[in-house]
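Below you'll find the structure, written out as structure tokens, and then a few comments.
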Amino acid sequence: MTHLQVGLSPETIDKARLELNENPDTLHQDIQQVRDMIITRPDIGFLRTDDAFILRFLRARKFNQMEAFRLLAQYFQYRQLHLDMFKNLKADDPGVKRALMDGFPGVLDNRDHYGRKILLLFAANWDQSRNSFVDILRAILLSLEVLIEDQELQINGFILIIDWSNFSFKQASKLTPSILRLAIEGLQDSFPARFGGVHFVNQPWYIHALYTIIKPFLKDKTRKRIFLHGNNLNSLHQLIHPECLPSEFGGTLPPYDMGTWARTLLGPDYNDENEYTHTSYNAIHVKCAPTNLERDCSPKYMKRSQSVVEPGTLMHEDLRDSENTQPLLALD
């Protein structure tokens, strides 16, 4: 074991070897070979190239050095192309803070039975007079930047559950192809995270229609790891144990507190009535440029309108056919 693996459990080290082709004996050589490729892309500013940083890209691409370098290049290129998104990417940025306060994203304290971190999105919480889609995406990317510092998560990965309950057609109409593509490029093509699955629950018919719009932008591996469960929580529980889930998803945990993750990033004195200036994380991997993303927004607080499912209760109505539970995203 090298110093780059310090803190990992023996089980996780073994998993990295078996699933990701991680070899402690060649770890530094693998990292250096990726670093040596940087000279081939003088058009990109690689603002961080230390061993620990490059290692997460190798893990995300199962130690395929060329693919890891391609991901590293796309990571910085995406940030260069969208400077406004990353100029002030920190938890106390007004737009990011509003999104975090409204539960974008939710992050469960516990992990699933494979050691993966579970992220939650309650789509109906999107108050479009309060949060722009870009600020929600920024809050998600910031959260992933914080979480990916954990080496265990670099190896075990993440699960994303999106609850579409009460998400209106009017809200869905704001999900244009251009902003959906922005999110896909940021998450699928430009971030070193392993997603073990993206799970849709309680999705209405127009979310199925949206899927046909984004499908051309998805890789084959990504499509295979999207699961559309509809109201069939039983199919969700076959993949994620109820013991790992809050009651909104038929799990045995208490209902999810929307402020949990925001308080983690903003500190114990977080107060949703006042601007708070403590910053737990500040992404420095972008070049300085003027920003125009700050907006005046309504100060009203968005409260979740979500029906709570009692633990063990499964809803089976409104299932059109078996295709609702077919795997359609995990990003490896």
Side-chain angles (χ1 to χ4, degrees), residues 1-36 38 46-65 67-69 71-72 75-76 89-91 100 105-120 139-160 187 190-197 240-241 243-244 253 260-268 278-285 330-332:
M1 181 177 72
T2 75
H3 73 278
L4 291 170
Q5 294 178 314
V6 171
L8 293 175
S9 67
E11 295 78 15
T12 303
I13 292 174
D14 194 47
K15 181 177 183 178
R17 179 179 60 83
L18 293 173
E19 296 185 13
L20 306 184
N21 305 309
E22 183 168 326
N23 184 349
D25 296 332
T26 61
L27 204 53
H28 290 281
Q29 179 182 345
D30 293 332
I31 291 170
Q32 187 58 45
Q33 289 187 2
V34 172
R35 188 183 288 116
D36 289 342
I38 290 175
F46 293 85
L47 302 182
R48 183 177 172 187
T49 59
D50 57 275
D51 287 357
F53 188 69
I54 291 177
L55 178 56
R56 65 187 64 173
F57 291 85
L58 281 163
R59 286 169 169 164
R61 290 298 179 261
K62 296 186 176 181
F63 277 76
N64 181 315
Q65 295 161 6
E67 289 299 317
F69 173 71
L71 180 60
L72 177 68
Y75 174 92
F76 285 114
L89 188 64
K90 54 185 180 179
L100 290 170
V107 181
L108 295 185
D109 291 333
N110 58 289
R111 305 180 185 190
D112 78 349
H113 52 292
Y114 293 116
R116 300 175 295 192
K117 200 70 170 175
I118 301 174
L119 309 182
L120 308 175
I140 293 171
L141 288 169
L142 171 65
S143 299
L144 287 171
E145 289 281 6
V146 174
L147 292 166
I148 203 65
E149 293 290 329
D150 185 337
Q151 288 203 75
E152 294 273 343
L153 295 181
Q154 293 174 20
I155 295 167
N156 292 325
F158 300 86
I159 291 290
L160 174 62
L187 296 170
S190 309
F191 197 85
R194 304 183 66 223
F195 279 87
I240 307 174
H241 296 171
E243 294 79 12
C244 304
L253 299 177
T260 299
W261 181 239
R263 286 191 291 269
T264 298
L265 292 186
L266 289 165
H278 173 73
T279 303
S280 297
Y281 180 90
N282 189 351
I284 61 173
H285 313 313
L331 317 181
D332 245 12

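Any value given below was found using the heavy atoms of this structure, including those in side chains, with hydrogens, waters and symmetry copies removed.
Within the model, atoms CG of D30 and CG of N64 stand 10.5 Å from one another, a figure rounded to the nearest 0.5 Å. Note: R48 CZ to L72 CG = 11.0 Å, rounded to the nearest 0.5 Å. Here CD1 of I118 is found 12.0 Å from CZ of F158. Values are rounded to the nearest 0.5 Å. Going from atom OG1 of T2 over to atom CG of L55 covers 8.0 Å, rounded to the nearest 0.5 Å.
The shortest heavy-atom contact between V34 and A68 is CG2-CB, 4.3 Å. Heavy atoms only, all atoms of each residue included: E145 and E149 are closest at O-CG, 3.5 Å. Taking each heavy atom of T49 and I54 in turn, the nearest pair found is O-CD1, 3.4 Å. Considering all non-hydrogen atoms of both residues, I155 and L8 come closest at CD1-CD1, 3.8 Å. Considering all non-hydrogen atoms of both residues, A139 and S143 come closest at O-OG, 2.8 Å. Here the shortest heavy-atom pairing between L100 and A262 reads O-CB, 3.6 Å.
The neighbour count for D50 CG, taken as heavy atoms of other residues, nucleotides or ligands under 6.0 Å away, is above 12.
Within the 4.5 Å cutoff, the side chain of Y114 has no heavy atoms near those of the N156 side chain. Under the 4.5 Å side-chain criterion, counting only non-hydrogen atoms from C-beta, L120 is in contact with L108. By the 4.5 Å heavy-atom criterion applied to side chains, L144 and P105 are not counted as neighbours. In this structure, the side chains of L141 and L187 come closer than 4.5 Å at one or more pairs of heavy atoms. In this structure, the side chains of L119 and I140 stay at 4.5 Å or more apart for every pair of heavy atoms. Contact annotation: the side chain of V6 never approaches that of Q151 to less than 4.5 Å [non-hydrogen atoms, C-beta and beyond]. Using a 4.5 Å heavy-atom threshold, the side chains of F63 and L27 count as touching. Side-chain contact between K62 and R194 is present, with heavy atoms from C-beta onward closer than 4.5 Å.
Judged purely by atom type and a 3.5 angstrom limit, E152 uses its side chain to pair as donor or acceptor with the backbone of S9. The backbone N or O of L160 sits nowhere less than 3.5 Å from a side-chain atom of K117 that would complete a donor-acceptor pair. Between the T26 side chain and the Q29 main chain, no donor and acceptor come within less than 3.5 Å of each other. Side-chain N or O atoms of Q154 include one that pairs as donor or acceptor with a backbone N or O of I148 at under 3.5 Å. No donor-acceptor pair closer than 3.5 Å links the side chain of R59 to the backbone N or O of L20.
For Y75 and F53, the distance between ring centers is under 6.0 angstrom.
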Apply side-chain contact (heavy atoms from CB on, under 4.5 Å) to the pair N110 and E243, showing each step before the final yes or no.
-> CA-CA 10 Å; N110 58 289; E243 294 79 12; over 6 Å; no

Evaluate the side-chain contact (heavy atoms from CB on, under 4.5 Å) criterion for residues W261 and L147: first the C-alpha distance (whole Å), next the side-chain angles of each, then the deciding distance (0.1 Å), finally the verdict.
-> CA-CA 11 Å; W261 181 239; L147 292 166; 3.7 Å; yes

Can you check side-chain contact (heavy atoms from CB on, under 4.5 Å) on R61 and F69, steps first, answer last?
-> CA-CA 9 Å; R61 290 298 179 261; F69 173 71; over 6 Å; no

Please test T264 against V107 for side-chain contact (heavy atoms from CB on, under 4.5 Å), starting from the C-alpha separation and ending with a verdict.
-> CA-CA 10 Å; T264 298; V107 181; over 6 Å; no

Let me see the working for K15 and E22 under salt bridge (charged side-chain N to carboxylate O under 4.0 Å, His left out), right down to the final yes or no.
-> CA-CA 9 Å; K15 181 177 183 178; E22 183 168 326; over 6 Å; no

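Considering T260, L265, L266 in turn, T260 is the only one that fulfils the side-chain contact (heavy atoms from CB on, under 4.5 Å) rule with R263.
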